[in-house]
Amino acid sequence: MLRPTLPRIGRSLGIFRRSLHRVPLLAHEFSKGVPGLLSPSGFDVAWTQYQKLMIDKLNLLTAGQDSIPPKELAIKYARDPAQAPTFNYASMAHNNNFFFSCLTPDPKPMPAWLQTDLEASFSSIETLRREFILTTNAMFGPGFVWLMKTKQRKYAILTTYLAGSPYPAAHYRQQPVDMNTEDKSISEVMRKLNREPPANSVGAHSGGAKTKGLAPGALDAQPILCINTWEHVYLPDYGHGTITGGGKKQFAENWWQAIDWEVVGANAGGPQYAGGTTNRSSFMI
Amino acid sequence: MILRNVAIRHGRQALAAPLRKSFFRALNTEALTHDTAAIEHSIQNHAKETHSIEATINQLHLTKSFVPPSDEGEPSDEVKQNYAIKQHIKKRTAKLGSIVEKHYEPEALVINPPGPEHVTLELLLASQSHLGHSTSLWNPANQRYIFGVRQGIHIISLEETAAHLRRAAKVVEGVAYHGGLILFVGTRAGQAACVVKAAQLSKGCHLFERWTPGSITNKDQILGKCDIKVVDKDDVEITQGYEEKLEGWTALKPDLVVCLNPLENYIMLHECGLNNIPTIGIVDTDADPTWVTYPIPANDDSLRCVQVIAGVLGRAGEEGQRKRLEVAREGQVTWLPPPGLGKPETEEDKKRAAVKVKKASKPSDEQEQERTRGTRGRRGELDGEDLEL
């Protein structure tokens with residue numbers, strides 16, 4: 001009987017084509033775990049096994065197609081529900097790599113220019129830290145919490161559930177909220193509007209002006225730091241925790257101590273792009 | 001925020017905009033001094049009155065620095081900065097997620113072509129340069145380039161291809177080094193991009209549509225209307241001094257022609273032969289190797305192979321140009337200007353020529369008059385009799 005040559009058939013027969021994606025290398029050697037954050041076995045589960053799984057699945061799904069990096073794949077398939085699995089694995093592979101690229105075994109203090117920039121957006125670094133930890137704690141379910149750099153040289157925090165992507169081009173699959181908690185009778189546009197703060201709804205400071213020239217739902221910001229709140233990352237080492245502490249909250253607190261601020265600064269563009277002049281169309285109240 | 005808005009609103013209701021002097025002057029066609037003086041006095045009084053209200057408003061320091069939001073958009077350097085940040089972050093995050101294996105990207109051959117140093121047998125094999133035509137269609141003159149027969153076709157020897165390609169690259173580099181004009185020709189479908197790129201790299205000319213027969217043998221008719229420019233040793237255009245000469249100058253001929261499909265361009269290659277222009281061409285097993293000066297035995301039907309060869313020759317030309325300009329910066333010129341070009345015409349030369357014309361217009365001697373009639377109908381490409389300087 002003639003069988004069609006589809007990747008699904010190849011998978012079932014155990015035949016693999018030449019693998020186009022390989023597990024990326026991290027900047028630091030974490031085989032002994034991430035000091036202060038993950039044990040060797042925890043790191044093995046969170047990175048070694050999981051990333052390999054993502055890459056293997058991605059290879060199977062993209063077998064025979066053009067070789068595109070995972071970020072581009074995620075953006076390409078963000079609006080294609082038929083390719084949702086490919087989006088999921090590509091986005092997860094990218095997000096997981098992003099998370100581990102921001103960790104270091106030897107953390108150093110934050111660069112001064114970055115501190116000034118962040119303090120301008122968050123009033124203090126302690127506030128930023130608390131925002132991150134509380135947001136992480138509040139998320140019910142797996143996802144990521146991102147520190148985004150907007151085009152006004154301001155910073156903001158963004159949550160993405162499951163394999164949601166923070167990139168503006170893939171906003172269709174940003175998955176910023178748990179859909180099970182949303183009122184589906186109201187349209188997406190209205191829900192987004194209701195989520196935003198009530199002030200400044202008209203003129204140059206409104207949501208409409210901010211998104212001028214962008215696709216509906218897009219956010220003109222780029223990610224520079226993230227924390228992975230998927231359970232498999234913190235569960236082996238921290239367990240679920242209790243209502244008083246431990247678990248995910250403890251993981252987030254430890255993560256803050258292990259961040260590589262040099263990488264975050266480099267992601268944000270370095271001191272040459274640090275804030276300083278105020279935007280002409282904004283003013284301090 | 002509330003305070004400021006209230007203050008401004010208050011200000012607006014309290015004041016009428018004082019009449020400015022400039023507006024008044026515009027309306028007034030004649031200088032009515034007494035009228036102007038009176039009105040100016042009233043304006044000054046008005047300003048004095050309003051000064052106190054302005055003082056109260058300006059006490060709120062926020063109003064001084066208040067810039068109302070406008071739709072003009074951000075100043076241009078801010079936009080540039082934001083764009084640069086965005087591009088930087090995109091670059092930083094683009095490769096995260098997996099290591100993508102090295103793979104063949106067709107567009108890379110045109111965007112970033114390989115150079116002569118990258119020519120390897122593996123590259124030629126991967127580009128299908130060894131695939132000749134059916135054995136019954138061969139030209140026996142290509143015997144020496146054929147490695148063998150497989151599946152009914154002749155296999156072109158990779159070593160022959162590599163050696164001939166390297167030789168051709170040397171020729172292209174040499175011609176470019178000595179300031180020659182190189183023409184890249186590729187008239188088959190899909191060859192346009194690589195032909196243009198190769199011409200750009202070696203600062204030559206390209207042709208990807210049909211060669212008009214007579215473009216060399218009948219060049220003044222077909223290419224007579226093309227622009228010509230004169231450049232100095234550093235390739236900087238000389239804009240003054242050659243206007244007259246350039247007006248009557250003949251069309252240019254290429255100093256080297258690279259043809260990617262000689263089978264379809266016999267007429268062009270024949271014209272090159274008639275005019276002693278060396279040619280390089282990709283010669284397949286069914287092509288005639290004597291049509292070109294420097295054959296490159298390779299597969300002319302594979303676009304990938306053609307792009308590799310065009311890329312290699314383009315890079316060789318680029319290198320030749322680079323070396324030429326480098327030595328020119330140090331004062332050494334590797335080429336000669338065409339005979340008859342001479343030095344640029346200065347103002348003195350023009351005056352001298354004008355004086356000569358004046359002398360010639362005086363009917364002093366019949367013999368002299370006859371002698372002044374031009375013997376040269378066309379400048380450029382002189383027969384050697386009339387070399388001015």
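Lettering of chains follows the sequences in order, A, B, ..., and the numbering in each one begins at 1.
Not a single donor-acceptor pair under 3.5 Å links the side chain of A/Gln222 to the backbone N or O of B/Thr93. The closest donor-acceptor contact from the side chain of A/His21 to the backbone of B/Ser98 lies at 3.5 Å or more, if one exists at all.
With sequence neighbours excluded, no residue forms a salt bridge (Lys or Arg N to Asp or Glu O under 4.0 Å) with A/Glu29. Annotation: salt bridge (Lys or Arg N to Asp or Glu O under 4.0 Å) contacts of B/Arg304 (sequence neighbours excluded): none.
In this structure, chain B has a heavy atom under 4.5 Å from the backbone of A/Ile68, while its side chain stays farther away. Both the backbone and the side chain of A/Ala266 come within contact range of chain B, each with at least one heavy atom under 4.5 Å from a heavy atom of that chain.
Counting heavy-atom neighbours within 6.0 Å of A/Tyr89 OH, excluding the residue itself, gives a total of 12 or less. The environment of B/Arg322 atom CZ is dense: over 12 non-hydrogen atoms of other residues, nucleotides or ligands sit within 6.0 angstrom. Heavy atoms of other residues, nucleotides or ligands lying less than 6.0 angstrom from NZ of A/Lys57 number 12 at most. More than 12 heavy-atom neighbours from other residues, nucleotides or ligands sit within 6.0 angstrom of CD on B/Glu326. The neighbour count for B/Glu209 CD, taken as heavy atoms of other residues, nucleotides or ligands under 6.0 Å away, does not exceed 12. In this structure, A/Tyr50 places its OH atom where more than 12 heavy-atom neighbours from other residues, nucleotides or ligands lie under 6.0 Å away.
In this structure, CG in A/Leu25 is found 4.5 Å from CD1 in B/Ile99, a value given to the nearest 0.5 Å. Interatomic distance, A/Ser67 OG to B/Lys102 NZ, rounded to the nearest 0.5 Å: 13.0 Å. In this structure, OG in A/Ser101 is found 8.0 Å from CZ in B/Arg92, a value given to the nearest 0.5 Å. In this structure, the separation between CG on A/Asn59 and CD on B/Glu101 is 8.5 Å, given to the nearest 0.5 Å. Distance NZ/B/Lys91 to CG/A/Asn267: 13.5 Å, rounded to 0.5 Å. Rounding to the nearest 0.5 Å places CG of A/Asp66 at 7.0 Å from NE2 of B/His103.
Taking the side chain as every heavy atom from C-beta outward, B/Ile85 and A/Lys149 approach each other to under 4.5 Å.
B/Val100 and A/Pro69 make their closest contact through CG2-CA, 3.8 Å (heavy atoms, listed as atom of the first residue, atom of the second, distance).
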